[in-house]
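Computed from heavy atoms alone, side chains included, the values below leave out hydrogens, waters and symmetry copies. Positions are given from 1, in the same order as the sequence printed here.
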Amino acid sequence: MDVLNPSPALCLPQAMWIVYRVVMAKPDLTQDGILDLVTPISMRSNSPGNGAHAKRALAGLREFELVNEDINGLYRVEADEVSDAYGFLRILRRRLIVPPESISTGFRGAPDLRSALVWLMRQPPMVPLHYAVNVQTDMPEGLFTNDTRWNGFRWWSRELGFGQEMLSNLYPGKESNSSIIPDPTVAVIDAITHPFGDPLPRGEHIPIASLMEFLRSELPVLAEHPSALHPGLEQSGEPAIAALALALSSAEQQQVLTMGYQSDPSDVLALPDAQNFRTDRYVSHVTLRSNDR
């Protein structure tokens, strides 16, 4: 499913969560019954596209195998039920960023969104990204067809924890409201605290290489994951890790982990220092706090 295609309306995670909650609370409803609860007929004429956003959300839930329609046309939750929006976004993020074939045979996911996230994670977080200013001219050919799809991507990148809106006081001008910076802090912290694979040990030194391998497994749109590819990026030289470095520094500031350097380490990584611009911070290991949330 091309979630960045706005025809007839954008498929957005906020609407998907609302529809998901209806299916979870009211199993065995038909599509019409679900849509009647999300966008009542009395209100539908005043909603975008006569309720098109709810229809697209339900279609997305089916496409991403989060709800299922049986032979009788009744809908049920397909994945493990979740109790809050954070849990829902966690499952949704996983479905959209892993290689589609790892979910199920025939699973397509959202290739336009995944390609855009792969591109975003290679961009430096020091320069805000605006479609007309530097995205349209610098992006790989065909990544975003137009600024409408870019605007849809801004919503998705923020909600999935890979981007942040640029603060207008840091980037004054009319472009500030349509700019984002690559910042996977939310996704990185969530991957550490709620992993889909084996959790990392806490309270002990973890080699930085092990952490990077763990994060790329949990978030396989990060640079250097074997599947994090898109035409036009392969020739861009060494994959950028500045956005990931920002996320790790932010995680340290939020006391999720600490980063350290040990003399004569077996492995060391030079991360762009979020505190000192244009300098590197050498990290050999990290330690996860034992009292993480």
Dump the intermediate steps for side-chain hydrogen bond (donor to acceptor under 3.5 Å, both in side chains) on S7 and N5, then the final yes or no.
-> CA-CA 6 Å; S7 178; N5 182 1; 4.8 Å; no
Can you tell me if [X] uses its side chain to pair, donor with acceptor, with the backbone of [Y] under 3.5 Å?
X    : Y    : answer
N134 : P128 : yes
E218 : I192 : no
D112 : L4   : yes
R158 : Q164 : no

Determine the minimum heavy-atom distance between [X] and [Y], stating which atoms define it.
X    : Y    : result
A110 : V3   : CB-CG1, 3.9 Å
L129 : W150 : O-CZ2, 3.3 Å
A57  : V19  : CB-CG2, 3.9 Å
P220 : S227 : O-OG, 3.5 Å
L66  : Y20  : O-CE1, 3.7 Å
R154 : S179 : CD-N, 4.4 Å

To the nearest 0.5 Å, how far apart are [atom1] in [X] and [atom2] in [Y]?
X    : Y    : atom1 : atom2 : result
R93  : L117 : CZ    : CG    : 10.5 Å
M1   : R62  : CE    : CZ    : 11.0 Å
L219 : L244 : CG    : CG    : 8.5 Å
C11  : W155 : SG    : CH2   : 13.5 Å
L246 : Q253 : CG    : CD    : 10.5 Å
R281 : M259 : CZ    : CE    : 4.0 Å

Could you check whether atom [atom1] of [X] has more than 12 heavy atoms from other residues, nucleotides or ligands sitting under 6.0 Å from it?
X    : atom1 : answer
F196 : CZ    : yes
D198 : CG    : no
E213 : CD    : no
Y261 : OH    : yes
R21  : CZ    : no

Pair N146-R149, side-chain donor/acceptor within less than 3.5 Å | no
Does any non-hydrogen side-chain atom of [Y] lie less than 4.5 Å from one of [X]?
X    : Y    : value
D190 : T193 : yes
H205 : T287 : yes
I206 : L257 : no
N151 : Y131 : no
D138 : W119 : no

Go through the steps for Y75 and L61 under the test side-chain contact (heavy atoms from CB on, under 4.5 Å), then give the verdict.
-> CA-CA 11 Å; Y75 283 78; L61 291 171; over 6 Å; no
If hydrophobic clusters are built by linking Ile, Leu, Val, Met, Phe, Trp and Tyr wherever their side-chain heavy atoms come under 4.5 Å apart, do [X] and [Y] end up in the same one?
X    : Y    : answer
V268 : L271 : no
V186 : M16  : no
V23  : L35  : no
L160 : F144 : yes
L12  : F88  : yes

Let me see the working for R289 and T258 under side-chain contact (heavy atoms from CB on, under 4.5 Å), right down to the final yes or no.
-> CA-CA 8 Å; R289 299 291 178 92; T258 57; 2.9 Å; yes
Before accepting this row, confirm whether a basic side-chain N of the pair R108/D2 lies closer than 4.0 Å to the acidic partner's carboxylate O.
->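 Salt bridge between R108 and D2, a charged N being under 4.0 Å from a carboxylate O: yes.
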What's the verdict on side-chain contact (heavy atoms from CB on, under 4.5 Å) for W156 and L92, showing C-alpha distance, side-chain angles and the deciding distance?
-> CA-CA 11 Å; W156 273 101; L92 180 61; 3.8 Å; yes
